[in-house]
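Scroll down for the structure; my scribbles are underneath it.
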Amino acid sequence: MKQELEQAITKAAKDLFALDVRLELTRPDEQFGDYATNVALQLGKQLNKNPREIADAIAKELTGLSLLEKSEVAGPGFINLTLSDHALAGTVQVETDIATGEYADQSVVLEYSDPNPFKVLHAGHLYQTIFGEAVANLLVRAGAVVHRVNFGGDVGLHVGKTMWAIVQDLGGESPEKLATMPKAERSEWMAKCYVKGTNAYEEDDASKQQIIDLNKRIYQIVSDGEHDSPLAQIYWTCRQWSYDYFDEFYASVGTHFERYYPESETAPLGIEAVKEQLQKGVYQESDGAVVFKGEPYGLHTRVFINSHGLPTYEAKDVGLTLAKWRDYHFDRTIIITGNDIIEYMKVVLKSIEQFEPELVARTTHVTHGQVKLRGGVKMSSRKGNFLRAVDVLDMVAEASQETTGERNNDVVLGAIKYAFLKQRIGPDIIFDPKESVAIEGNSGPYLQYAHARARSILAKAVEHKKTAELADLTADERSLLRKITEYSEVVQKATADLMPHHICTYLYELAQKFNQFYEHNRVIGDDRETERLRLVDLYASTLKSGLVLLGIAAPERL
RNA sequence: GCACCCGUAGCUCAGCUGGAUAGAGCGUUGGCUUGCGGAGCCAAAGGUCGUAGGUUCGAAUCCUGUCGGGUGUACCA
């Protein structure tokens with residue numbers, strides 16, 4: 001419908017003025033109609049004519065179109081278009097055909113969350129997981145085959161620190177003692193060990209040296225794939241505990257990763273590639289390290305292999321890109337990370353571009369800010385005084401209990417997800433647990449309730465025809481229908497921008513529009529019950545579709 | 001120092017590939033109320049879009065300067 005209109009206008013402009021225009025129909029203020037275009041203003045400049053005259057001519061040319069109720073010229077030369085009720089109803093599109101979506105048949109590797117084994121999941125991981133899942137849903141709806149992957153450091157200094165404290169706690173390298181650790185306490189215990197190891201590393205030189213030595217042994221264990229020594233047994237067991245803990249957490253928030261890429265796997269690939277490209281001059285030796293000089297590209301220099309011959313994160317990321325390519329031959333890969341590594345990532349990608357330009361061309365780096373609590377608590381995982389993912393879940397569950405008197409998991413998760421997703425991705429976000437569970441205002445629970453309420457209306461109806469013709473609408477009915485028709489365009493924009501918050505904004509507006517309608521119009525028992533039930537049904541389905549895209553449950557009842 | 005990001009109502013945010021009077025929630029003030037789930041609806045107050053220029057018929061949106069805040073800047077991740 002929209003396309004038909006666009007073609008008609010483009011044709012009119014061409015017939016009248018012999019010019020091709022780049023046309024985009026926008027959604028104007030409701031008072032102006034269903035669609036609007038500013039082509040006349042663009043043409044006015046090119047033709048050096050009064051834009052209003054051009055607009056008048058085009059509007060007149062369009063009057064014959066059957067799908068149009070009217071076309072009017074307003075302001076400096078906007079052409080405002082109002083569809084017939086029938087045509088408007090025809091534009092409703094709640095579910096899309098994924099076979100014809102923008103990502104049809106494309107393979108997309110989506111990397112997000114990226115926690116480190118041997119460390120705890122913090123609020124940022126929760127945010128990123130929720131955001132990543134929403135993006136995944138958008139891509140799937142657009143036709144993509146999405147591969148959710150996760151990257152993390154199973155070797156490195158943080159592992160050395162945690163392992164050092166683990167060995168201390170066990171009273172030596174005694175893997176048999178791990179068997180006595182109850183499952184429920186494992187992740188908590190490891191988190192404590194990380195804090196203990198970090199503090200020892202900073203405060204005591206002897207401990208620091210022990211940690212460094214231990215770390216070297218762990219590198220060796222991993223690169224040899226050695227599973228027999230006591231230390232190796234402890235390492236592999238605890239590493240698995242970490243992954244178990246991640247899986248369990250992801251399941252609880254509704255995500256599942258199909259693959260973990262441990263650094264130990266990507267590091268060798270990275271080193272190999274960097275060394276090979278060192279020969280070809282992409283990378284250079286400098287002070288005993290292997291670096292990529294970013295300055296010619298307006299970037300900075302970074303170390304890929306340090307002077308001890310060990311890979312840094314940079315080399316591991318090179319390896320990761322190659323590993324993802326090896327495994328998926330993706331059409332596109334999207335990496336979601338915090339915004340503190342924007343410049344870092346530019347350097348890494350620029351270096352890869354020198355020898356695998358196609359992979360970089362298919363890569364998108366999306367970044368987000370920190371999660372901050374209202375009032376401001378800074379998060380640093382070094383000392384352990386930071387906001388963990390479970391802390392957020394607990395706070396919201398508690399706030400929800402206070403507000404509603406119960407702990408409904410759908411509501412708690414819906415509140416958190418919506419609170420995170422409703423803000424544009426990029427800057428830091430300020431999270432307020434109380435506001436997130438608020439039953440009024442722009443919140444997840446509000447929308448869940450709005451949906452349940454609409455469903456209850458439908459359940460109460462004796463029968464409702466899903467095919468009821470929507471014509472001769474009242475002003476209120478039409479206004480609601482008009483809002484519903486915007487849904488598919490909003491989803492498209494959210495997908496193109498990789499910004500789910502557009503959907504949040506829309507869903508809230510939609511719910512408000514419905515409440516306005518519902519306040520003044522009886523549904524059941526009214527002369528127009530058939531049409532109105534159809535509208536309520538479309539509204540509820542749209543709300544549900546949107547919430548599900550965001551990863552938020554839309555229960556029939558609350 | 002250099003690079004990148006952010007600065008919109010008291011608070012939290014939309015709006016940013018330029019377009020018609022700058023929108024919403026919370027909070028504040030007032031109204032609706034035996035309702036098809038009122039977790040709602042209506043209304044009011046509240047903004048030099050950090051600031052100064054520039055481009056344009058038109059700038060919160062693009063460009064430049066400037067102020068304020070944040071992040072990054074060689075062997076951490």
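Residue numbers start from 1 in every chain, and the chains themselves are labelled A, B, ... in the order their sequence lines are given, proteins ahead of strands.
Rounded to whole Å, the P atom of B/A3 lies 48 Å from the corresponding atom of B/A44. For the C1' atoms, the distance from B/C36 to B/G7 is 47 Å, rounded to whole Å. For the C1' atom pair drawn from B/A60 and B/C41, the interatomic distance equals 31 Å after rounding to whole Å.
Among the protein residues, A/Asp432 comes within range of no part of the nucleic acid, since none of its heavy atoms lies under 4.0 Å from any strand. Contacts of A/Asn38 with the nucleic acid, taken as non-hydrogen atoms under 4.0 Å apart, include base atoms. Among the protein residues, A/Asp497 comes within range of no part of the nucleic acid, since none of its heavy atoms lies under 4.0 Å from any strand.
Every pair passing side-chain hydrogen bond (donor to acceptor under 3.5 Å, both in side chains) that includes a residue from residues 432-441 of chain A is listed here, sequence neighbours excluded: A/Arg374-A/Asp432, A/Arg374-A/Glu435. Within the structure, the ring-ring contact (aromatic ring centres under 6.0 Å, His included) test picks out the following pairs touching residues 406-430 of chain A (sequence neighbours left out): A/Tyr127-A/Phe420, A/Phe420-A/Phe431.
Looking at A/Asp34 and A/Leu81, their side chains never come closer than 4.5 Å, going by heavy atoms from C-beta outward.
Of the residues in residues 402-412 of chain A, none has a non-hydrogen atom less than 4.0 angstrom from any atom of RNA chain B.
Centre separation under 5.5 Å together with a plane angle under 30° does not hold for the ring of A/Phe78 and the six-membered base ring of B/G19, so they are not marked as stacked.
Between B/G37, B/G25, B/A74, one nucleotide has an atom nearer to the side chain of A/Lys460 than all others, and that is B/G37.
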